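Owing to the predicted nature of the structure, the values given are computational and were not obtained by experimental measurement.
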Amino acid sequence: MSNIKYKKVISTKGIIFFVILIAICFTLSILSFTCYFDNTYKKTINYVTTSPVNYKVYLKENDYFDEPYLGMNRTYVASLIDHVDIDFNYNLNFSNIVSGNYTYYIQATLKADIPDSEKNSSYWEKKYILKEEETVPFKKTNNINLVTSTSIDYQKYNDILKNFKRDLGLNFNGVLKVDLIVKSNSKTSNLKKDIPITSTTTVEIPLTQQTIDVSIKAASNDKKSEVSETIDKSSFDQEKYLIIASISICIGLIFIIIFIRELRIKFKLSNKYFSELKKILSNYDQIIVDVNTFPNLDKVKVVEVVKFSELLDAHSEIRQPINHLEVNKNKHIFILIGDNIAYKYVLQNERRVYKSYE
């Protein structure tokens with residue numbers, strides 16, 4: 001019997017695998033070339049500030065309230081207020097490790113605002129420093145936390161505005177604006193420039209109101225932001241991207257060459273397979289019987305032949321029909337049974353390519 005050599009052909013999964021590899025290579029090369037021709041890149045640091053406020057309104061001795069103070073978000077009786085304690089809790093979080101310092105102070109602004117003014121204009125205002133400026137260094141951290149407090153003598157500032165109203169006879173809205181002002185300046189190894197951040201947390205206390213309907217507004221300055229910097233790439237970075245792009249293209253081209261070669265083999269086999277199948281079924285239709293299942297071959301000797309012509313040679317001696325079973329569209333089996341011998345020929349697509357006979 002003749003010997004035969006075979007070569008495996010790329011499968012459908014192999015085609016998908018090659019397509020993915022080629023796409024990855026050329027995508028990487030495009031990105032690398034883009035980075036190579038772009039002489040700069042952007043570095044960014046994100047930061048988040050939160051500054052919750054808590055305050056307590058302490059009352060004068062009176063016959064109406066048993067507790068010494070009232071909590072937040074209430075309506076207070078102005079004539080019963082003694083002082084207001086305010087607690088600030090300032091947090092600054094960075095996405096990277098930073099070092100530097102921050103400066104903070106607490107400032108109060110006493111204002112006589114013009115009623116219904118579209119520009120929030122004031123007749124008069126005066127600033128008071130409630131806590132002197134203090135500078136605090138920090139090193140190699142991504143979080144700054146400041147907890148500080150102040151106490152407001154409510155009646156002191158209320159009396160000042162009452163006297164102003166009495167002396168000038170003006171109608172205005174009195175308010176005491178208490179601000180925690182934090183200014184930080186940070187440095188990080190990721191950026192060349194400094195990161196300056198200024199944050200103000202405000203509490204507004206109404207003054208010169210009637211004996212009822214006094215409410216306090218606390219506004220924190222919570223926000224998310226970022227600091228970015230455009231940096232020139234070094235010559236080493238440029239060369240690195242060029243090398244990566246070149247290697248990616250070369251590998252991609254190699255994959256394309258292999259892919260095309262395998263596809264040619266695959267389609268050559270496929271054309272040869274369907275051509276041979278058509279030739280067998282049309283030329284030898286009179287001696288071929290289509291079956292759904294093969295008979296049991298356990299008691300006969302099975303001889304596999306490599307060419308359909310060998311099956312025809314056996315048929316000329318046995319004179320029995322050749323059974324044909326279509327396993328699927330890419331595999332057909334032909335069996336000739338006689339004298340306790342079954343001659344079997346398998347015609348199959350996408351598995352092997354016929355190369356040569358010896």
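Each of F94 and I97 belongs to its own hydrophobic cluster when Ile, Leu, Val, Met, Phe, Trp and Tyr are linked at side-chain heavy-atom distances under 4.5 angstrom. In the hydrophobic clustering of this structure, I30 does not group with V19; members are Ile, Leu, Val, Met, Phe, Trp, Tyr whose side-chain heavy atoms approach within less than 4.5 Å, directly or through other members. Under the 4.5 Å side-chain heavy-atom criterion for Ile, Leu, Val, Met, Phe, Trp and Tyr, I86 and V175 are members of distinct hydrophobic clusters. Following chains of ILVMFWY side-chain contacts shorter than 4.5 Å, one cannot reach Y55 starting from I181, and the two form parts of different hydrophobic clusters.
Side-chain atoms of T198 never come within 3.5 Å of backbone atoms of K183 as a donor-acceptor pair (strictly under, hydrogens ignored). Counting only distance, with no hydrogens or angles, the side chain of Q155 and the backbone of I81 share a donor-acceptor pair below 3.5 Å.
Put simply, the side chain of L207 reaches to within 4.5 Å of the side chain of Y154, judged on heavy atoms. Considering only heavy atoms from C-beta on, L297 comes within 4.5 Å of I337 through its side chain. Looking at heavy atoms from C-beta onward, N142 lies out of side-chain contact with Y47 at the 4.5 angstrom threshold. Considering only heavy atoms from C-beta on, P321 stays 4.5 Å or farther from I287 through its side chain. Contact check for V346 versus V327: no side-chain heavy atoms found under the 4.5 Å cut-off. W124 places a side-chain heavy atom less than 4.5 Å from the side chain of L110. The shortest distance between side-chain heavy atoms of V53 and M72 does not fall below 4.5 Å. For the pair I195 and I197, the minimum side-chain heavy-atom distance is below 4.5 Å.
A salt bridge does not link D82 to K60: none of the charged side-chain nitrogens sits closer than 4.0 Å to a carboxylate oxygen.
None of V147, T50, V48 except one satisfies the side chain to side chain contact (heavy atoms under 4.5 Å, CB included) rule with N91; the exception is T50.
No close placement of the Y90 and Y102 rings is indicated, their centers lying 6.0 Å or farther apart. Aromatic ring centres of Y123 and F164: separated by at least 6.0 Å.
Between the side chains of N145 and N89, at least one donor-acceptor pair of N or O atoms lies under 3.5 Å. Side chains of D290 and H324: a donor on one and an acceptor on the other come within 3.5 Å.
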Next item on the list: For the pair L312 and S316, evaluate side chain to side chain contact (heavy atoms under 4.5 Å, CB included) and give the outcome as yes or no after the intermediate values.
Entry: CA-CA 6 Å; L312 293 176; S316 63; over 6 Å; no
- Query: side chain to side chain contact (heavy atoms under 4.5 Å, CB included) between Y104 and E134: does it pass, once the steps are laid out?
  - Reply: CA-CA 6 Å; Y104 74 96; E134 182 177 351; 2.9 Å; yes
